[in-house]
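Notes follow the structure.
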Amino acid sequence: MTSIDEQLIKTEVEINKMRKAGSVNALVLEEVKSMIKPGITTKELDTAAETIIRDHGGIPTFKGYPGPYPYPATLTISINEEMVHGIPSGRILKEGDIVSVDCGTTLDGFIGDSAFTHGVGEIGKEKKRLILVTEQSLYKGIEQMLPGKHIGDVSAAIQDHVESHGFHVPRKYTGHGVGKKMHEPPQVPNYGVPGQGLLLQEGMTIAIEPMVLVGTPKTRVLSDQWTVISADHSLTAHYEHTVAVTKNGPLILTRVRDEKN
Ligand code: MG
Ligand code: MG
């Protein structure tokens with residue numbers, strides 16, 4: 001095993017720490033999801049998220065994250081054509097919007113990273129279909145997270161599911177290894193060829209995150225230098241889990257779990 005491979009492999013103790021961070025992250029997302037309704041501002045959701053993380057002894061991973069300027073919030077909240085990295089603000093959620101919420105929690109030095117998309121009030125059939133296909137593509141990717149498979153198997157499973165429903169995946173934004181740092185190797189594109197790319201091995205921990213666009217795969221960044229939107233302003237959605245490759249199959253680390261386990 002090369003030294004680069006060694007960095008990618010976590011011990012059982014480390015994976016357990018990631019489960020704890022991931023569990024807090026999942027609690028945050030559950031609470032934020034329950035707060036999504038017409039009239040609430042994205043800043044209110046962000047404040048609630050930070051409070052929950054700090055009450056559990058954690059640190060919001062995204063806050064201060066290096067970029068064009070340090071990321072200013074706990075969550076990224078991306079509405080409608082905004083795909084990822086939307087900055088919480090005084091913007092008020094409206095009936096019929098679809099909202100993607102992404103969060104990272106650092107606890108005891110390890111990170112959980114996960115995301116979901118949810119409708120505000122009543123949303124139409126096509127918006128529901130976009131959200132469902134995106135969520136399904138996440139689980140199609142996770143199913144491939146087995147020792148002996150390759151990154152390309154994960155990528156292709158996501159791409160095939162999304163494109164078979166007439167939607168698109170971006171080329172520039174990918175899933176990633178995660179552990180003590182939020183972005184570790186390898187990158188996990190949402191498109192690819194089965195059997196290609198890095199071999200998956202027991203102990204790898206990866207954030208799988210399908211991003212889906214209705215119109216085309218093209219994206220652009222807004223003048224705030226963080227928010228990524230679909231180039232044609234079509235709707236987008238995003239789901240994410242942090243997952244460990246284990247001999248018993250894929251282990252989702254970003255789920256709420258019992259403290260004792
Ligand atoms: Mg994320
Ligand atoms: Mg991520």
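One-based numbering, in listed order, for ligands and for the atoms of each.
- Residue Glu209: no N/O/S atom is found under 2.8 Å from the Mg ion (ligand 1).
- Between the Mg ion (ligand 2) and the N, O or S atoms of Glu240, the shortest distance is to OE2.
- The line from OG1 of Thr42 to CD1 of Ile92 is 9.5 Å long, rounded to the nearest 0.5 Å.
- Between the Mg ion (ligand 2) and His176 there is an N/O/S contact shorter than 2.8 Å.
- The aromatic rings of His165 and His161 are tilted relative to each other, their planes meeting at an angle between 30° and 60°.
- To the nearest 10 degrees, the Mg ion (ligand 1) sees OD2 of Asp102 and OD1 of Asp113 at an angle of 150°.
- Looking at Tyr139 and His241, their side chains do bring a donor and an acceptor atom within 3.5 Å of each other.
- Aromatic rings of His85 and Phe62 (six-membered ring for Trp) have centroids beyond the 6.0 Å cut-off, not under it.
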